[in-house]
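Worksheet for the structure shown next.
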Amino acid sequence: MSEALKGIKVVDLSRILAGPWASQMLADMGAEVIKVERPIKGDDTRHWGPPFIKPAHGDEPAQAAYYHCANRNKQSIAIDITRAEGQQVIKDMIAKADVLIENYKVGGLENYGLSYQQVKAINPKLIYCSITGFGQSGPYAHKAGYDAMIQGEGGLMSLTGDPKGQPMKVGVAVVDVMTGLYSANAILAALMARTHTEQGQHIDIALLDVQVATLANQGMNYLTTDKNPTRLGNGHPNIVPYQTFATNDGSLILAIGNDQQFEKFCHAAKCSELAQNDFYQTNQLRVENRKRLIPILAAIIAQKSTGYWVAILEAIAVPCGPVNTLEQVFKHPQVQHRGMIKKIPDKKGNLIKTIASPINLSQTPLQYKHAAPNIGEHSNQVLSQFLAYDEEKIKTLVNANVVE
């Protein structure tokens with residue numbers, strides 16, 4: 001079968017998570033993604049461990065599991081970008097590319113002659129995606145941005161955690177991941193636009209913008225009331241009951257989204273009087289009387305096991321579920337049925353587990369070709385095939401340590 005982005009060439013100058021997440025999405029869809037890394041050290045996340053995925057023969061440095069989460073299906077070329085010869089190699093790649101992704105600080109690539117303004121003449125159809133902490137303009141544009149600090153500065157931590165405890169960050173680098181998703185969407189939109197404008201463009205993506213945009217209902221709650229939402233632990237600001245409850249052997253997520261579901265829950269839990277109570281008949285009333293209702297429900301739910309509640313509530317279509325560990329998640333029959341764990345080969349043919357993309361296309365399915373590459377694994381291939389350099393030029397670049 002054909003691939004959705006077959007023939008699209010991407011030069012990936014990004015590292016860590018947001019940029020690599022975006023380029024991995026494009027690679028899964030069939031784009032040819034060339035990851036440009038620093039010689040010797042490469043992407044910082046190669047070393048962010050333990051845990052490490054160790055080569056079978058021990059003749060190559062270990063790579064962190066973190067690195068493997070965002071770099072499959074890519075080629076790696078190691079280039080010394082600080083040298084004029086290395087910069088020229090990248091410019092030659094740009095001349096043949098459709099997309100460039102970078103996450104240097106604002107103005108950082110100008111030092112190497114590789115900013116959008118400096119290279120757009122080389123390839124006017126290039127889609128150039130810049131990912132930064134605070135964007136290309138504004139009083140904070142010069143600052144570096146990292147997921148955890150953006151979760152704080154962008155308001156997410158103020159909404160997350162126990163009401164009586166400290167603000168908490170989310171357990172996954174969710175701002176980076178969402179930034180990667182937005183970046184990939186923007187790149188696809190720009191590629192579509194190019195079909196009728198016949199021009200490339202510069203995409204400006206900021207982690208802070210992404211965090212503010214994804215405040216979603218909580219952001220609108222504030223704009224509607226001018227009141228800061230408070231932390232509710234695992235509760236929901238607009239729906240009750242919609243949170244975790246302790247059972248006699250674990251935890252239950254109860255996600256009641258309408259009054260009919262609440263009535264069915266109360267009948268199953270043998271507390272039908274609650275559904276008729278003047279304080280709880282509608283969701284609005286339940287939100288307003290949250291502090292009165294939740295302890296009553298907590299006492300009822302705590303009497304039985306998680307399995308008991310899931311069985312009786314699923315039978316009557318009341319949304320609920322257990323709070324699983326990752327071991328339980330990856331053993332989940334639905335997760336296994338959906339093929340969310342793939343095994344893909346590394347350079348030596350060793351199979352490495354990876355988490356699949358949730359995107360399922362009927363005519364152009366995503367491909368899982370190979371695991372994240374070693375540093376510079378494809379340098380010769382990129383120089384000879386992508387750039388069509390002759391053997392003498394390649395040898396000169398390698399011997400001069402411009403390309404590893």
Side-chain angles (χ1 to χ4, degrees), residues 156 159-165 168-172 174 177 214 216-218 220-221 229-341 355-360:
L156 183 59
L159 307 172
T160 308
D162 188 273
K164 297 179 182 179
M168 297 289 290
K169 73 177 181 67
V170 179
V172 172
V174 65
V177 170
T214 53
N217 61 302
Q218 289 282 45
M220 287 303 298
N221 289 346
T230 57
R231 294 195 303 280
L232 295 171
N234 290 318
H236 194 290
N238 304 109
I239 312 172
V240 171
Y242 197 108
Q243 65 180 74
T244 56
F245 290 92
T247 65
N248 68 12
D249 67 349
S251 297
L252 175 79
I253 290 282
L254 188 61
I256 290 177
N258 59 52
D259 299 334
Q260 292 73 31
Q261 290 175 354
F262 183 66
E263 186 174 359
K264 288 195 292 185
F265 166 80
C266 290
H267 178 74
K270 299 180 173 56
C271 56
S272 296
E273 69 280 0
L274 290 178
Q276 308 306 318
N277 191 298
D278 291 342
F279 289 105
Y280 314 131
Q281 285 185 346
T282 68
N283 181 69
Q284 180 178 343
L285 290 169
R286 292 192 294 275
V287 171
E288 292 171 352
N289 295 286
R290 178 196 305 267
K291 292 183 179 179
R292 183 192 300 229
L293 175 61
I294 294 303
I296 298 172
L297 297 181
I300 294 169
I301 292 171
Q303 297 174 18
K304 304 288 185 179
S305 69
T306 301
Y308 169 84
W309 288 115
V310 170
I312 68 165
L313 295 179
E314 283 188 347
I316 57 174
V318 172
C320 67
V323 178
N324 285 332
T325 64
L326 294 198
E327 179 182 11
Q328 292 169 320
V329 168
F330 289 119
K331 290 181 178 178
H332 195 291
Q334 187 66 13
V335 172
Q336 293 189 344
H337 172 80
R338 297 290 290 178
M340 289 303 296
I341 306 169
I355 302 172
S357 168
I359 297 172
N360 295 285

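These numbers come from the heavy atoms of this one structure, side chains and all, not from hydrogens, waters or symmetry mates.
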Is the count of non-hydrogen atoms from other residues, nucleotides or ligands lying under 6.0 Å from [X] atom [atom1] greater than 12?
X	atom1	answer
Glu263	CD	no
Tyr242	OH	no
Met340	CE	yes

Going through the checks in order, is the side chain to side chain contact (heavy atoms under 4.5 Å, CB included) test met by Val287 and Asn238? CA-CA 7 Å; Val287 171; Asn238 304 109; 5.7 Å; no
What's the shortest heavy-atom distance between Thr160 and Arg231, and which atoms?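 Looking at all heavy atoms of both residues, the shortest contact is O-CD, 3.0 Å.
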I need the [X] [atom1] to [Y] [atom2] distance, nearest 0.5 Å.
X	Y	atom1	atom2	answer
Leu159	Asn221	CG	CG	9.5 Å
Ile341	Ile355	CD1	CD1	8.0 Å
Cys266	Ile256	SG	CD1	7.0 Å
Leu254	Phe262	CG	CZ	9.0 Å
Asp259	Arg286	CG	CZ	4.5 Å

Which residues pass the salt bridge (charged side-chain N to carboxylate O under 4.0 Å, His left out) test with Glu327, not counting sequence neighbours?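 In terms of salt bridge (charged side-chain N to carboxylate O under 4.0 Å, His left out), with neighbours along the sequence ignored, Glu327 is linked to Lys331.
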Residues in salt bridge (charged side-chain N to carboxylate O under 4.0 Å, His left out) with Asp162, at least two apart?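 Applying salt bridge (charged side-chain N to carboxylate O under 4.0 Å, His left out) to Asp162 gives none.
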Taking the side chain as C-beta and beyond, is there a heavy-atom pair between [X] and [Y] under 4.5 Å?
X	Y	answer
Trp309	Pro322	no
Asn283	Gln261	no
Glu288	Gln284	yes
Leu232	Gln243	no
Thr247	Ile301	yes
Thr230	Pro163	no
Phe265	Leu297	yes

Checking Val174 against Thr214 for the side chain to side chain contact (heavy atoms under 4.5 Å, CB included) test, could you report, in this order, the C-alpha distance in whole Å, the side-chain angles of both residues, the deciding distance, and whether it holds? CA-CA 10 Å; Val174 65; Thr214 53; over 6 Å; no
Among all residues two or more places apart in sequence or in another chain, which pass the side chain to side chain donor-acceptor pair (under 3.5 Å) test with Asn324?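 Here no residue qualifies.
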